[in-house]
Amino acid sequence: MAMIMNKCTSVTLTRKLSHPCCFSLDLFSLTANIRLLYPSKPKSFEFPALLLTFLNYYSVSPFQLNNANVHFTFDFNSFYVSFIDNSTHKTHLNKIHAHLLASGLRDCGFLITKLINVSCNLGETRYARKMFDEFPDPDVFLWNAIIRGYSMHNMFGDVIEMYSRMQMAGVSPDCFTFPYVLKACSGFLSLEMGWRVHGQIFRHGFESDVFVQNSLVAMYAKCSQIRHARMVFDGLYDRTIVTWTSIISGYAQNGEPIEALRIFSQMRHSNVKPDWIALVSVLRAYTDVEDLEQGKSVHGCVIKMGLENELDLLISLTAMYAKCGQVTVARSFFNQMKLPNLILWNAMISGYAKNGYAEEAVGLFREMIGKNIRVDSITVRSAILACAQVGSLELARWMDDYIMRSEYRDDVFVNTALIDMYAKCGSLDFARIIFDRTLQKDVVVWSAMIVGYGLHGRGREAIDLYHAMKQAGVCPNDVTFVGLLMACNHSGLVEEGWELFHRMKDYDIEPRHQHYACVVDLLGRAGCLSQAYDFIMNMPIEPGVSVWGALLSACKIYRHVTLGEYAAEQLFSLDPYNTGHYVQLSNLYASVRLWDRVAKVRVLMKEKGLSKDLGYSLIEVNGKLQAFRVGDKSHPRYKEISVELERLEKRLKEAGFVPHTESVFHDLNYEETEEILCNHSERLAIAYGLISTPPGTTLRIIKNLRACVNCHSATKFISKLVNREIVVRDANRFHHFKDGVCSCGDYW
């Protein structure tokens, strides 16, 4: 006989319950007595095992406690539910299940359902399935439990399988079944299955159940059927926050940010308070339309609601500020996370890369892989884009080597980015190697290589590749023709370019501003200014900045002041604060010595608060980029650079080079003009490259502005005098100087 006492109850139990006994016992009393037996106060998850041990010791089961010899009221469902809810390990579930079997409760659907739910919560889906399969004739609650378990672990195939078996067993689903099944359809992007489930929802009478209908909206949205999602949404009168959030998220995820924001406005007018999920979608929509001011207002709402530490909102805010150019603010959000997830890394690296912070993007990518954080295709492509912007061939080679060792070696999107990177870093040979090793060439891969040829003025190669593309059965797209027209433009292939432009209609491609601008540039650079003007006047769309800019540039080359002034007027109207347009017009006036008009343009720029962009040149030496500006004397090796410049100028004069001085300030004498020209940033970069590299080394230079006529001519001479190849990437294209000749054929 054992006696356990507490303030609430007195319990007397015999070891085997061999004779009738009278006592009062409830779950609270058992728990309290166990605490007396175990003064160390075991944690709550230990109670199931302790209580079962207590009952087993006295050979007591709830079934026995309810027999006629015991004056006792005992709710064994609540008894076991308490054990099940406090279980934290499979061993706990095993003991409870064993006790249920021993107690004759193996067919108690309520308790088995509870066990299956908790098993799935603990990730023990196999154990849950075993219990389910052992249960005879499961009801809808048991089916829902196993379907829910698979759904919560994204085991969508098992969800569909169990739902099908449920139907074959003749068990009708309820309003709790369908949301799990629809989630599986979304996960599989199985629209056909989703349609079938939608039909079954009608047949079972749940077409007005808001819980089920919300799941339908989400399913159609994730399957890119936003029109169907909207039809379901419009049919709902009792809309919850989940309903509104589902449709807003659907539009945001399907590339319709304006409609997402319109519905968000409707929601606010309906006095529905947004939750953090809705705000994530709204921030995404404002990010897509790059409306920073409205995005900031949502940020304020996030702070007011006390949601600033919500992970998904932090990610959305980082992405918004990064994409809208506020990379410092974005980085502050990024730095708040002790362990940023992959989405945050991607948002930050992409934000840097797309807003002109290429070196920061590359640095962050190096930091990421240095910490052994797993990257994805988006990370890699953003890093490649940054490398392309830096322009360093050595950095490009490092990136390529990294890709070759990674799982993305055969990723078509990554290889396309690598082709573009090498082309922009000055090596068409390496770009072509990537192109040739890419087995599955789609239109994007072909177009990337064609655009690369276009950047380098290799018109014939671009056209040959276009014909090879057609023979391979790949139809060109609008980007293909941008590359082709650019290649013809940079190579002087006027007839070929004109014909290709008119070929676009054969593929049902509507020309965009970029195509029209290429044609205007093509005609203008060939001296066909009247034809270029007529072409603009007959465009089916309103000419944009790029079109008028191309015409003004051509007018500067051929010194056509009247037409140039007209083009400039259009540009000042469309883009009044772009310094480049004013500089182009000023250079046009200077080329024909209209110095009074040059002065007027300077005054106009001053009135608008504009100043000419400072030119700079970068040169890569031993994997490092060195920057130079006009007349720059800050470099540690400036004295050596100056000596090399003087030596070069002497050799240029001996070789018969005559400086081109027409567009230099008219109030300078010849010697001052000559000194300014020889101290242009690219000349400084070339001099530094010559004193810093072995003879025969190719010099690679990046210039932020278009190459000036004088430096272009001088660089041709220098390439022959020093027997070097000099590759220059300016704002428009690449120039390959070798043996006194430029690859552009003086057509740029």
Side-chain angles (χ1 to χ4, degrees), residues 280 283-284 286-288 290 292 295-296 299 308-409 411 413-425 434 616 618 620 622-627 702 704 729:
V280 165
L283 281 170
R284 175 173 179 168
Y286 281 128
T287 301
D288 289 343
E290 297 189 30
L292 182 60
K296 286 181 177 179
H299 184 189
E308 59 266 37
N309 293 322
E310 180 64 47
L311 177 60
D312 287 340
L313 281 171
L314 275 175
I315 293 170
S316 299
L317 286 168
T318 302
M320 180 191 72
Y321 282 111
K323 186 174 181 181
C324 294
Q326 301 287 314
V327 291
T328 304
V329 179
R331 187 60 186 262
S332 70
F333 285 112
F334 179 85
N335 291 340
Q336 285 181 34
M337 303 298 296
K338 291 182 180 178
L339 293 172
N341 65 10
L342 178 60
I343 301 174
L344 264 176
W345 284 97
N346 285 350
M348 200 65 243
I349 293 171
S350 174
Y352 275 138
K354 292 177 180 178
N355 286 286
Y357 295 84
E359 292 184 6
E360 288 83 351
V362 173
L364 197 58
F365 177 72
R366 287 183 185 271
E367 180 184 337
M368 185 179 183
I369 61 177
K371 292 180 177 179
N372 294 319
I373 298 171
R374 184 178 176 83
V375 303
D376 65 5
S377 179
I378 297 172
T379 325
V380 170
R381 281 180 279 157
S382 296
I384 294 172
L385 172 64
C387 291
Q389 292 172 356
V390 172
S392 164
L393 184 59
E394 187 166 327
L395 180 61
R397 294 295 306 276
W398 172 82
M399 192 72 222
D400 188 13
D401 289 342
Y402 172 81
I403 299 300
M404 288 292 288
R405 298 191 305 271
S406 76
E407 62 189 280
Y408 300 104
R409 183 182 186 279
D411 186 303
F413 299 105
V414 170
N415 281 333
T416 302
L418 284 174
I419 292 169
D420 178 70
M421 176 191 71
Y422 270 129
K424 289 176 178 174
C425 290
I434 304 294
Y616 65 83
L618 302 172
E620 182 182 5
N622 298 323
K624 293 183 179 180
L625 292 173
Q626 301 283 335
I702 303 165
N704 68 322
R729 184 178 95 179

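No experiment lies behind these values; they were computed from the predicted model shown.
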Report task. Just jot down the salt bridge (Lys or Arg N to Asp or Glu O under 4.0 Å) partners of Glu367, sequence neighbours excluded, or say none. Result ->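 Partners of Glu367 by the salt bridge (Lys or Arg N to Asp or Glu O under 4.0 Å) criterion, ordered by chain and then number, come out as Lys371.
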Would you say [X]'s side chain and [Y]'s backbone share a donor-acceptor pair under 3.5 angstrom?
| X | Y | answer |
| --- | --- | --- |
| Glu620 | Leu393 | yes |
| Asn346 | Ile378 | no |
| Gln389 | Gly356 | no |

Query raised in the report: Between His299 and Tyr286, is the ring centre distance below 6.0 Å?
Result: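 No, ring centres 6.0 Å or more apart.
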Report task. Would you list the pairs meeting salt bridge (charged side-chain N to carboxylate O under 4.0 Å, His left out) in which at least one residue belongs to residues 374-395, sequence neighbours left out? Result ->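 Salt bridge (charged side-chain N to carboxylate O under 4.0 Å, His left out) check on residues 374-395 returns Arg374-Glu407.
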Identify the two heavy atoms, one from [X] and one from [Y], that lie closest to each other, and give their separation to 0.1 Å.
| X | Y | value |
| --- | --- | --- |
| Cys425 | Ala388 | SG-CA, 4.2 Å |
| Tyr422 | Ala396 | OH-O, 3.7 Å |
| Asn341 | Leu311 | ND2-CD2, 4.0 Å |
| Leu364 | Met348 | CD2-CG, 3.5 Å |
| Cys387 | Met421 | CB-SD, 3.7 Å |
| Gly351 | Ala322 | CA-CB, 3.6 Å |

Requested in this report: Could you list the residues that satisfy side chain to side chain donor-acceptor pair (under 3.5 Å) with Lys338, not counting sequence neighbours?
Outcome: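 Not a single residue meets the side chain to side chain donor-acceptor pair (under 3.5 Å) criterion with Lys338.
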Is the [atom1] atom of [X] crowded by more than 12 outside heavy atoms at less than 6.0 Å?
| X | atom1 | value |
| --- | --- | --- |
| Glu359 | CD | no |
| Asp401 | CG | yes |
| Ile369 | CD1 | yes |

Query raised in the report: Any side-chain donor paired with an acceptor under 3.5 Å for Tyr408 and Asn415?
Result: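 No, Asn415 and Tyr408 have no side-chain donor paired with an acceptor closer than 3.5 Å.
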Query raised in the report: Which is it for Trp345 and Phe334 under the ring pair (Phe, Tyr, Trp, His ring centres under 6.0 Å) test, yes or no, and what are the steps along the way?
Result: CA-CA 8 Å; Trp345 284 97; Phe334 179 85; 5.0 Å; yes
Report task. Test side-chain hydrogen bond (donor to acceptor under 3.5 Å, both in side chains) on Arg331 and Tyr321 and set out the steps. Result -> CA-CA 9 Å; Arg331 187 60 186 262; Tyr321 282 111; over 6 Å; no
Query - Pair Asp420 + Lys424, salt bridge at N-O below 4.0 Å - result: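 Salt bridge between Asp420 and Lys424, a charged N being under 4.0 Å from a carboxylate O: yes.
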